[in-house]
Amino acid sequence: MALRIFNVLGREKQDFVPLTEGFVNMYVCGPTVYDYSHIGHAKTYVSFDTIVRYMRSTGLNVLYVQNITDVGHLLDSGEDRILKKARQTQSKPMQIVETYTKAYFDAMDALGVQRPDISPRASGHIPEMFKMIEGLLSKGFAYEAEGSVYFDVTKDPDYGKLSNRRVSELEAGKREAVRGEKRNPEDFALWKRADPEHILRWDSPWGEGFPGWHIECSAMALKYLGPTFDIHGGGIDNMFPHNESEIAQSECHNDADFARYWMLVGSLTVDGVKMSKSLGNFTTVQDVLAKYQPGVIRYFVQSAHYSNPIDYSDDALDAAAKGWERLTNAVRLARQMRGAAPAGDDAGGFAARLAEARAQFGAAMDDDFNTPIAIASLQDLTREVNTLLNSGTTVSAAALDAILETYQATAGDVLGLLPKADAVNSGSAARESALIELLVDMRLQARKAKNWAESDRLRDELAKIGVILEDRADGTVWKVQ
RNA sequence: GGCGACGUGGCCAAGUGGCAAGGCAAAGCUCUGCAAAAGCUUGAUCACCAGUUCGAAUCUGGUCGUCGCCUCCA
């Protein structure tokens, strides 16, 4: 098995060969922190989280860098997103940045997204940007105009290679540049002169100003990953101009290839249109988490290939919830049966089936991280596991351990879909469990007496507080919803 | 207008030359005091047209439709 990745740069699936064997240097464009993260961000970062988890599970040593954009992201009006928010809420810009950076990590933590190894902030890398801009100026790829510095796209023959755009084909004059100081309409800012009301500003060799949006990623990728690294990821909506400009700046400045593999994830849509803050059709991660378990959201995201768009709706989430529960129910049952399982020295005839499942899972993930197929392989396995666990035959502890290990290595460690094994460490959790067991036992007595009314009342009352009972041949099991 | 993605059973979604995975929903059945959970059974010729081929959802050309980017967005 060998990992294959669809490289947007070149548009073909390629064998993944890291620059240094066993190591992967990876950069993913992070969020601009001026508002709460919505479910569209969740799709992007759950996707890359899954990708990183899988690579690590195969033994690759991944260095995952994902920036935080806290300056330089301008609106059409020329206004900084963060400054606008600060003005609206009468806050300091860095208050906005802190608030939403924290909110972003809180949301991602809740979704089981493992933290990037490095989360560099744009505002903390102004000197690195200066250096890069100066380098581009001295090499003639950039020019200064009235306190701003622009990248001259006509100086880079490769400009457009990621998004298949040709500057020469863009009808000059069709869209006039907002600022007449640019030489070409497609030139983009490396550094912008700050108007008096612009609070976020730094002294620079070109006067007071602030960095352009694209330069931060080039500067931080260079600093933490070097001139050439393995994978650059992000949302496909940033392919142009952002990613394209990153490539231009970096390759012209570094005299080296930038990222070797480009992975762009499809957008999340609502009723067929992209979820975005500007359209107002967004649902925040915290709102969705109020209704669905984190695992459900991950399952929803992973049920389509990362490069495809997915449409968000309650129906879609409900369906994902059912599919996710089917997997987790099997795991929960196995965990519960493990407690009273008789010792056994092997997994019996099931070992081969488990090995097959893991092989199928790995093959799917190796094929450009095909999570829908990976999940299908687990659903297939789950049917057989359920059959085994419900067959009435005795299943040995060794067999249950093997089953649980298989789920943990796939649905757990890679997909991040499994809840933690019920920990009854804390006093209150232990007390809660004991109380539930007590009620379950009371209901058992009622059932023995064929007092169905009382039996059903206990079950219904427990259901109201989120405790679901299931009567099995070998006893009643319960779960917390 | 340019660049790109896509159109597979009621819904979601894999498959990209050799008899169309998986999930959800629906119906019937088994189990069950009931319920839940679980299992079994039942369904598509792949937008349309024309080609290439022994053979196409899968390749080529065209038509229709949807979406993304081209201006801020993960």
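Chain identifiers are assigned alphabetically (A, B, ...) following the order of the sequence lines, protein sequences preceding nucleic acid strands; residue numbering begins at 1 within each chain.
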Enumerate all atom pairs, one protein N or O and one N or O from nucleotides 15-18 of chain B, separated by less than 3.5 Å.
from: B/G15; atom 1: OP1; to: A/Asn370; atom 2: ND2; distance (Å): 3.2

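With hydrogens and angles ignored, the 3.5 Å screen pairs no side-chain donor or acceptor of A/Arg447 with any backbone N or O of A/Ser455. Proximity of a side-chain donor or acceptor of A/Asn370 to a complementary backbone N or O of A/Met365 within less than 3.5 Å is not detected. Remark: side-chain polar atoms of A/Thr371 are not paired, donor with acceptor, to backbone N or O of A/Ala374 under 3.5 angstrom.
Using C1' as the reference atom, B/G17 and B/U58 are 6 Å apart when rounded to the nearest Å. Between B/U30 and B/G22, the distance separating the two C1' atoms is 24 Å to the nearest Å. B/A47 and B/G10 are spaced 13 Å apart, taking the P atom of each and rounding to whole Å. Across the C1' atoms, B/A21 and B/C54 are found 27 Å apart, a figure rounded to whole Å. B/C46 and B/G7 are spaced 10 Å apart, taking the C1' atom of each and rounding to whole Å.
At the phosphate of B/G68, neither OP1 nor OP2 sits under 4.0 Å from any side-chain N or O atom of A/Thr269. Phosphate contact (OP1/OP2 of B/C69, side-chain N/O of A/Asn243, threshold under 4.0 Å): absent.
By the 4.0 Å N-to-carboxylate-O rule, A/Glu325 lies too far from A/Lys479 to be salt-bridged with it.
Here A/Tyr45 lies in heavy-atom contact (under 4.0 Å) with sugar-phosphate atoms only.
A/Tyr45 is linked by a ring pair (Phe, Tyr, Trp, His ring centres under 6.0 Å) to A/Tyr104, counting only residues two or more places apart in sequence or in another chain. Not counting sequence neighbours, the partners of A/Phe151 by the ring pair (Phe, Tyr, Trp, His ring centres under 6.0 Å) test are A/Phe188. When the ring pair (Phe, Tyr, Trp, His ring centres under 6.0 Å) test is applied to A/Tyr261, the partners found at least two apart in sequence or on another chain are A/Phe16. When the ring pair (Phe, Tyr, Trp, His ring centres under 6.0 Å) test is applied to A/Tyr27, the partners found at least two apart in sequence or on another chain are A/His232.
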Item checked: Steps toward side-chain contact (heavy atoms from CB on, under 4.5 Å) verdict (A/Glu437, A/Trp478) -> CA-CA 9 Å; A/Glu437 298 288 353; A/Trp478 58 274; 3.0 Å; yes

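Of the candidate nucleotides B/C69, B/A74, B/A14, B/A14 has the atom nearest to the side chain of A/Pro372. Listed candidates were B/G22, B/C70, B/C3. Nearest to the side chain of A/Asn164 is B/C3. Ranking B/C24, B/A13, B/C67 by closeness to the A/Ile310 side chain, first place goes to B/A13. Among the nucleotides B/G39, B/A21, B/G4, the one closest to the side chain of A/Ala376 is B/A21. Here the nucleotide nearest the side chain of A/Val273, chosen from B/C40, B/C67, B/C24, is B/C67.
Where A/Ala304 and A/His38 each meet RNA chain B at their nearest nucleotide, the meeting point lying more 5' is that of A/Ala304. Closest-nucleotide positions on RNA chain B for A/Arg11 and A/Thr44 were compared, and the one nearer the 5' end corresponds to A/Arg11.
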Notebook entry, point to check: Reading nucleotides 26-37 of chain B 5' to 3', which nucleotides get B (base under 4.0 Å from a protein heavy atom), which S (sugar-phosphate only), which -?
Noted result: -------BBBBS

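Ring centroid separation for the pair A/His305 and A/Phe6 does not come in under the 6.0 Å cut-off.
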